Amino acid sequence: MQLHSSLIKKRSRSSLALIPCIIFSVNPSAFLSFATSPQPYEPKRFVRIIHPLYDLHHHRGPTSPSSSSATASHHYASLLQSLIEGKAIEPGKQIHAHLLVTGIGLSTIVATKLVNLYSVCNHLPHAYCLFDRIPKDNVFLWNVLIQGYAWNGPHQAALSLYHQMFEYGLHPDNFTFPFVLKACSALPALQQGREIHCHVIRAGWESDVFVGAALIDMYAKCGCVATARRVFDNVLVRDVVFWNSMLAAYSQNGHPDEALCLCREMAFAGLRPTVATLVAVISASADIAALPQGRELHGFSWRHGFDCQDKVKTALVNMYAKSGWVRVARRLFERLAEKRVVCWNSMIAGYAMHGHTTEAFALFEEMKKEGAPPDHITFVGVLSACSRGGLMDEGWKFFESMVKEHLIEPTVQHYTCMVDLLGHSGRLDEAYDLIMRMKVRPDSGVWGALLHASKIHRNVMFGEKALERLIDLEPNDAGNYVILSNIYAQAGNWEGVAWVRGLMKERGLKKSIALSWIEVKNKTHAFLVGDTSHPQSDEIYAELERVGGLMEEAGYVPDTAPVLHDVEDDEKGRMITSHSERVAIAFGLINTPPGTRLLVNKNLRVCDDCHVAIKFISKITAREIIVRDVNRYHHFKDGVCSCGDYW
DNA sequence: GTAGGGTTAG
């Protein structure tokens, strides 16, 4: 027996342990084995493992007697089972060939294992080919194939297989449902997902924790968070992963508050968080720039040893960048052991959000130099940096290099950045042309970008075109209607204003109430417009008046045109000087030592007048004031804002 | 014998 061996390291899915697979070549035909023994390789152990196979190969075992044949089947099946666990496709292929070449043939059990192996290793054409030629009378066989298509696509194939099962008189079980639901999440396919949910209920699996998690994931990916929550409530025996699914559902669908609240419930229920819990919750606090929670979670991660996990670190980088602590984010980023593309993306996007274009571009260059290939999300970050900075030429250059050099097909998000960039420069007709020429279906983001650009450049025609589409795409988003109403008001078209307001009333839409919050001494203080509920209310308004006087001396003229009331139009008759962000800033001024940087958050965009006012405040009080609105960061310093007055 | 969750942009 001539042997030559090579060691292949395969990652086991469950434990991430390294499983050495030793491949041997045996005369006359290629032959192989594997060893799950720990390294270093032990010859004695190897011989014990190879022995039965060696016998089989020389036809000493699996000849005509049925008992021997059954033994052979058993040996091959257990061999294949280990290959499945190690996801070792090549040895599997060789066994398959060997069985066919030597005429040993495939028993049902061996064929099933091969389908399983091909399926988990994403060799689906092989898996299907084999599946097609064997009896399909057990659910297990269908499950493994559906699993393969659900993980690797085409996802539609998983769904057709699921439907075919019924034609064979088989019924899906508690394994089938998670697999096929995974395919629905990936597509995403809500209608089919709902149908499967009905089957789940009929089959009595709705309180199964695995099926439940899959349903939550499916509904979350389809944007139906409320339904996901109903599923969550119906499952009474919950484990950590199940909780994590619901946390992720909230965190990924723009419900960060609910995610944070659920996390507290989870802790109360006595469950210990995992890496996935922390990643979901940290990213939820990043979404609302909840720095106190974010820092608390950072501390928790550190105390429980999660902070050395790169995924947690990346989530923290993202959280600090989004919460206005870019330098802290960068320090953490530098300490990452392995900078994966997501880490670079997170940091680049962080810079872009703050309008730090130079840093964003520099990091992009560094990334390429370090040999980390940028992906489509990297380009979303870089392009949004261009659009924040109004850098038209650079934007096109990046867009073209993405397509030509990096062979990345532009997605709807890239087009959104480009529309934003063109809109920024007032080239609304070009922006509209680009939307018309897009290879992908324009979504609400693209039309939203055109709508905002129309507002800034006071263009009624493109504003109307954009709202027309947005009414179809997100009919219940009050913000869109308000922007067009603003555009009409700016143009003095009061009929237009009345029409839009009428439309909103008819549809029962109300603009969200404006809210600003500021963190002082580790405590968050939130304010509504004209808020007088704070214990320091009198001092706050005295400060607003004092600063207001200085501002007028410096040349500030409050713009009281009706349009200004539209960002926070709930406060009819109230003074714009009491807009929530100004109240929060005044609170910050009286509660922090002179010169301290103020960081204010707002749930809507800053209105035009407040933007002007805050520029004055920053100069008069010699403070750096950072306002994070729903769209971006504004760094006010010495009477200038980093957004260049475009937001 | 087959399982489920997590980082990025807008």
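Order of the sequence lines fixes the chain letters, A, B, ..., with proteins taken first and strands second; residue numbering starts at 1 for each chain. All of these numbers come straight from a predicted model, not from anything done at the bench.
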Within the structure shown, what part of the strands sits under 4.0 Å from A:T112 by heavy-atom distance: base, sugar-phosphate, or nothing?
base

What residues from residues 249-265 of chain A pass a heavy-atom cutoff of under 4.0 Å to DNA chain B?
A:Q252

Does the aromatic ring of A:F140 sit over the six-membered base ring of B:dG1, closer than 5.5 Å centre to centre and tilted less than 30°?
yes

Nearest to the side chain of A:Q413, heavy atoms from C-beta on, is which of B:dG4, B:dT7, B:dA9?
B:dA9

Kindly say if A:N116 contacts the phosphate of B:dT2, meaning a side-chain N or O under 4.0 Å from OP1 or OP2.
no

If you check the A:A349 side chain, which of B:dT8, B:dT7, B:dG1 turns out closest?
B:dT8

Between B:dT8 and A:K311, is there an OP1 or OP2 to side-chain N/O distance shorter than 4.0 Å?
no

Measure from CE on A:M165 to C1' on B:dT2 and round the result to the nearest Å.
12 Å

Classify A:F242 by what it touches in the nucleic acid, base, sugar-phosphate, or nothing, heavy-atom distance under 4.0 Å.
base

Choose from B:dG1, B:dG6, B:dA9 the nucleotide whose nearest atom is closest to any side-chain atom of A:Q81.
B:dG1

Salt-bridge criterion met for A:D287 and A:K322 (N-O under 4.0 Å):
yes

Over 60° means perpendicular and under 30° means parallel, so classify the ring planes of A:H171 and A:F166, tilted if in between.
perpendicular

Could you check whether A:V412 gets within reach of a base, just the sugar-phosphate, or nothing at all, counting any heavy atom under 4.0 Å?
nothing

What integer distance in Å separates A:L332:CG from B:dT7:C1'?
14 Å

Atom-to-atom span, NE2 of A:H298 to P of B:dT7 - whole angstrom
19 Å

Between B:dG1, B:dT7, B:dT2, which nucleotide gets closest to the side-chain atoms of A:F179?
B:dT2

Grab the CZ-P distance between A:F232 and B:dG4 for me, whole Å please.
19 Å

List for me each residue that meets side-chain contact (heavy atoms from CB on, under 4.5 Å) alongside A:F175, sequence neighbours excluded, and say none if there are none.
A:N143, A:D173, A:F179

Under 4.0 Å, counting only non-hydrogen atoms across every strand here, what does A:K313 touch: a base, just sugar-phosphate, or nothing?
nothing

State whether the number of non-hydrogen atoms from other residues, nucleotides or ligands found under 6.0 Å of A:H74 atom NE2 is greater than 12.
no

Using a strict cut-off of less than 4.0 Å between a Lys/Arg side-chain nitrogen and an Asp/Glu carboxylate oxygen, indicate whether A:E366 and A:R330 qualify as a salt bridge.
yes

Write down the distance between CG (A:D420) and P (B:dG10), rounded to a whole number of angstrom.
9 Å

Please enumerate all residues that pass side-chain hydrogen bond (donor to acceptor under 3.5 Å, both in side chains) together with A:R238, with sequence neighbours excluded.
none

So, OP1 or OP2 of B:dG6: does either fall under 4.0 Å of a side-chain N or O from A:W243?
no

Between A:Y118 and A:F131, is the ring centre distance below 6.0 Å?
no

Does the pair A:F177 and A:H199 meet the rule for a ring pair (Phe, Tyr, Trp, His ring centres under 6.0 Å), with working shown?
CA-CA 9 Å; A:F177 290 124; A:H199 299 172; 7.3 Å; no

Whole Å only: how far is the NE2 atom of A:H376 from the P atom of B:dG10?
14 Å

Rounded to whole Å, how long is the line connecting atom CZ of A:F131 with atom P of B:dG1?
21 Å

So what does A:A248 hit on the nucleic acid, given a heavy-atom distance under 4.0 Å: a base, only sugar-phosphate, or nothing?
sugar-phosphate

Heavy atoms only, 4.0 Å cut-off, all strands: where does A:N174 land among base, sugar-phosphate and nothing?
base

Among B:dG1, B:dT2, B:dT8, the one nearest A:F175 by side-chain distance:
B:dT2

Which part of the nucleic acid, if any, lies within reach of A:R238 when heavy atoms closer than 4.0 Å are counted: base, sugar-phosphate only, or nothing?
nothing

Between CH2 of A:W205 and P of B:dG4 the distance, given in whole Å, is 16 Å

Is any side-chain N or O of A:D239 under 3.5 Å from a base N or O of B:dG4, one able to act as donor and the other as acceptor?
yes

Of B:dT2, B:dG10, B:dG4, the nucleotide closest to the side chain of A:F210 is B:dG4

With a 4.0 Å cut-off on heavy atoms, is A:N143 in touch with a base, just the backbone sugar-phosphate, or nothing at all?
base

B:dG6 phosphate, OP1 or OP2: any side-chain N/O from A:R340 under 4.0 angstrom?
no

Just to confirm, is there a sub-4.0 Å distance from OP1 or OP2 of B:dG10 to any side-chain nitrogen or oxygen of A:S384?
yes

Would you please indicate yes or no on a ring centroid separation below 6.0 angstrom for A:Y149 and A:Y162?
no

Angle class for the A:W325/A:Y320 ring planes (parallel below 30°, perpendicular above 60°, tilted otherwise)?
parallel

Return the nearest nucleotide to the side chain of A:K221; candidates are B:dG6, B:dT8, B:dG1.
B:dG6

Presence of A:K113 side-chain N/O under 4.0 Å of B:dT2 phosphate oxygens OP1/OP2
no

